[in-house]
Amino acid sequence: MAQAKEAWSSRFGVILAVAGSAVGLGNFLRFPGLAAQYGGGAFMIAYFVSLLLIGIPLGWVEWTLGREGGRRGFHSTAGIFHALMSRPWAKYLGVIGFFTPVVIYTYYVYVEAWCLGYALNAITGKLSVPGMNYGEFFARFTGAQADGVALQFGLHDVGIFVLIVYVLNFIFIYRGISKGIEMVCTYAMPALILIAIIILARVMTLGTPDAAKPDQSVLNGLGYLWNPRDVATGLKNPELWLAAAGQIFFSLSVGFGVIITYASYLKTKDDVVLSGLTASAANEFCEVGLGGLITVPAAFIFLGAAGVAGQGTFALGFNVLPEVFVRMPGGQIFASIFFILLFLAAITSSLSMLQPGIAFLEEGLGLGRKASVALLGLVTGLGTLFVWYFSRDLKAMDTLDFWVGTLMLFIQATILVIIFAWNVGIERGWALMHEGAEMRAPTIYKFILRWVTPLFLVAIFVMWLMKNVAGWNFSFSQPVFAPSGYVLDLIGAQPSPVARLAIGMIVLITAFALVLTHLAGKRWDAAAARTRTPKGKATP
Ligand code: PFF
């Protein structure tokens, strides 16, 4: 395409960038919350099965297709599908790869702003204001209390932090692949791992701080998360499988269209098999080895099982942990660095959600860097404004996360693996994947990619629809169908205007993406026709 060629400056840099995308709030908040909720052991079995059958193979698919697309001069999912499949409709299959990261960015960045706000407030020792407990402060700060309350700009309001994270994200994305994304990840990733290790050391040496409550010890805290409870029953619970597979997607950033874009900036002969595996391994280290050992044990030691059970992802991080930190020796410092850690983890992920959009606008519409950054800033800014204003019960965010952050993911992931294993063809795909490879993937993965991953994905997706849309209780003997709140919000007796608006926003962005893809297709076809036209007869 017409743009100057961008590339990662080193192999280590791209691995750090993909790991940076993967390591995020999912590792330090979402994962421990889910593992605790589903009773440790059984969840971990389903989690590792999903890692082996979905996470790692889909990662390889994205790395391979991305590098191949990059060779042909394309960096967006739509462009890459168009180049690989040479069918007029192929580019439309890639629309989700533009749309999903853009929509997720609109609310992920909002949570990123909470992290920055909490970090700065923790440093100044003001993680709450007089007369409010942590929960009340959280509700006020994030706007969960009422619509519109978060649109304020004091030090105890999220407003200023939303602006700061927007400016930071767009400055870095404007600087490009190696000077922006790679540079941030080169500093942020080691820093966040170091901070996590320091906090882990603090938590692991807490012992039994309250002699009157001998049960609340480090060991019991770890046991609460990790001791297998009712493994057999757990594994029969479809919800546990949905949660585990969903976490693998979210955490590894696979299926979003992000890794495919990152991999398209590789050099032609760069290895993808080992790099993909290394990035996944780095994510698992941060998730299971660090995230899984910090939040829940820390909360358990001070608050006991009752203080941890049933806490959602956000409550665990933003209500429970501040309370835990004040009870801990050196708590103010540890609270500050913990929220800095979350912020660093979040920004390396949010940057990865912007790049697919930038790539698409540049190569699809021929826009320059400035124009594509400005246009994407406008679109995502409007989306974030929506999430920020309609913050009551975090409804707008929750609705977008459900329909886009989960539903669209299954669809995009299934499309990716089918294109790789069936359209490109497993033999050719396998050969492409191993070009320049520094290790060979086990041959069993040919079979897994062809049959197991797609079937597993479809099975999980059908289960997801049955549970969340049709509301089946998974009982054959006494089946009950009660559509979930997300569906009732749209078509129930008392629909939620905010949920409906969120769907309206999704439809609008989809339409926008489809129109752009159509225009991009025309541009690409014209460019292809020009190269086919014999010299001298080229159209102007
Ligand atoms: N993997 C990130 C996390 O664990 O927080 C989240 C994420 C990043 C989701 C990039 C989607 C994405 F495109």
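We count ligands from 1, going down the list as the structure has it; atoms in each ligand are counted the same way. Throughout, residue positions are numbered sequentially from 1 according to the sequence presented.
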Do the non-hydrogen side-chain atoms of Phe141 and Phe318 ever get within less than 4.5 Å of each other?
no
Checking Tyr166 against Glu112: is there a side-chain donor and acceptor pair closer than 3.5 Å?
no
Close residues (non-hydrogen atom under 4.0 angstrom from ligand 1) work out to Ser21, Ala22, Gly24, Leu25, Gly26, Asn27, Tyr108, Phe250, Ser251, Ser253, Phe256, Val258, Ser349, Ser352, Met353
Salt bridge between Glu6 and Arg369, side-chain N to carboxylate O under 4.0 Å?
yes
Does a donor on one side chain sit under 3.5 Å from an acceptor on the other, for Ser350 and Asn169?
yes
Regarding Glu62 and Tyr262, is there a side-chain donor-to-acceptor distance under 3.5 Å anywhere?
no
Hey, can you pull the donor-acceptor pairs under 3.5 Å for the side chains in residues 402-419, sequence neighbours left out?
from   : atom 1 : to     : atom 2 : distance (Å)
Thr406 : OG1    : Asp401 : O      : 3.1
Thr406 : OG1    : Phe402 : O      : 3.4
Thr414 : OG1    : Phe410 : O      : 2.6

